[in-house]
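FYI, the numbering just counts along the sequence from 1. Atoms considered below: every heavy atom in the structure, side chains included; atoms not considered: hydrogens, waters and symmetry mates.
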Amino acid sequence: MGATETELMLKGYGLTTAEFFYHMPDHIHVLNTFVWQDYDLAPDHPKLFGFIEFWQREIDGPLHSVRFTHRKMISPGEWRNVVGEFRLH
């Protein structure tokens with residue numbers, strides 16, 4: 001079973017969003033876009049580059065360009081275990 005999103009974020013993963021611009025296979029002068037999103041590790045981005053390699057190997061539409069952003073939602077230093085309960089009446 002895969003890790004939850006919270007577990008991934010605690011391990012340093014952040015949300016990576018990529019916008020692929022590619023040529024339509026039947027109309028090579030027409031550009032189309034595809035948006036991809038996954039949790040990935042910066043700065044190497046193994047999942048993103050793995051997807052780009054998959055695209056180049058398996059998809060007919062040749063890539064024109066890829067634009068991406070990466071955002072860490074939380075870091076391990078921001079997480080702390082809190083034990084206790086406060087009750088307000």
Side-chain angles (χ1 to χ4, degrees):
M1 186 166 91
T4 66
E5 291 177 5
T6 303
E7 290 171 334
L8 288 173
M9 287 186 278
L10 290 173
K11 291 178 182 177
Y13 283 75
L15 188 62
T16 300
T17 304
E19 184 175 23
F20 291 78
F21 294 87
Y22 64 97
H23 295 277
M24 297 292 291
D26 296 337
H27 304 284
I28 199 69
H29 298 293
V30 177
L31 284 178
N32 202 0
T33 61
F34 175 79
V35 176
W36 174 90
Q37 199 171 49
D38 202 351
Y39 286 95
D40 208 355
L41 284 169
D44 296 330
H45 299 286
K47 288 187 177 183
L48 173 60
F49 290 120
F51 184 76
I52 291 172
E53 290 172 2
F54 165 79
W55 185 290
Q56 292 173 331
R57 189 177 60 249
E58 302 291 333
I59 307 295
D60 289 335
L63 287 175
H64 175 271
S65 59
V66 178
R67 177 171 69 169
F68 72 95
T69 185
H70 177 84
R71 177 172 169 91
K72 284 182 104 173
M73 307 303 263
I74 61 172
S75 66
E78 294 174 347
W79 178 263
R80 60 185 180 165
N81 185 21
V82 178
V83 179
E85 180 178 336
F86 292 100
R87 299 182 112 189
L88 297 173
H89 296 290

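- Residues forming a ring pair (Phe, Tyr, Trp, His ring centres under 6.0 Å) with H70 (at least two apart in sequence, or on another chain): H45.
- Closest approach of Y22 and G61 over heavy atoms only: CB-O, 4.0 Å.
- Residues forming a ring pair (Phe, Tyr, Trp, His ring centres under 6.0 Å) with F20 (at least two apart in sequence, or on another chain): F51, W55.
- Contact record, Y39 with L8: CB-CD1, 4.0 Å, taken as the closest heavy-atom pair.
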K47 vs W36, side-chain contact (heavy atoms from CB on, under 4.5 Å): CA-CA, chis, key distance, verdict
CA-CA 11 Å; K47 288 187 177 183; W36 174 90; 4.3 Å; yes

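- Rounding to the nearest 0.5 angstrom, the gap separating the CG atom in L48 from the CG atom in L41 is 12.0 Å.
- Remark: H23 engages I28, L31, P62, H64 in a side chain to side chain contact (heavy atoms under 4.5 Å, CB included) (not counting sequence neighbours).
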Checking T17 against V35 for the side-chain contact (heavy atoms from CB on, under 4.5 Å) test, could you report, in this order, the C-alpha distance in whole Å, the side-chain angles of both residues, the deciding distance, and whether it holds?
CA-CA 7 Å; T17 304; V35 176; 4.1 Å; yes

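- Note that NZ of K72 is 12.0 Å distant from CG of D40, once rounded to the nearest 0.5 Å.
- Under a hydrophobic clustering in which Ile, Leu, Val, Met, Phe, Trp and Tyr are joined whenever their side-chain heavy atoms come within less than 4.5 Å, directly or via other members, V30 and F34 fall into the same cluster.
- The list of salt bridge (Lys or Arg N to Asp or Glu O under 4.0 Å) pairs with a residue in residues 20-33, not counting sequence neighbours, is empty.
- A search for salt bridge (Lys or Arg N to Asp or Glu O under 4.0 Å) contacts involving R57 returns nothing, not counting sequence neighbours.
- Rounding to the nearest 0.5 Å gives a distance of 8.0 Å between CG of L10 and OG1 of T4.
- E7 pairs by the salt bridge (Lys or Arg N to Asp or Glu O under 4.0 Å) definition with nothing, not counting sequence neighbours.
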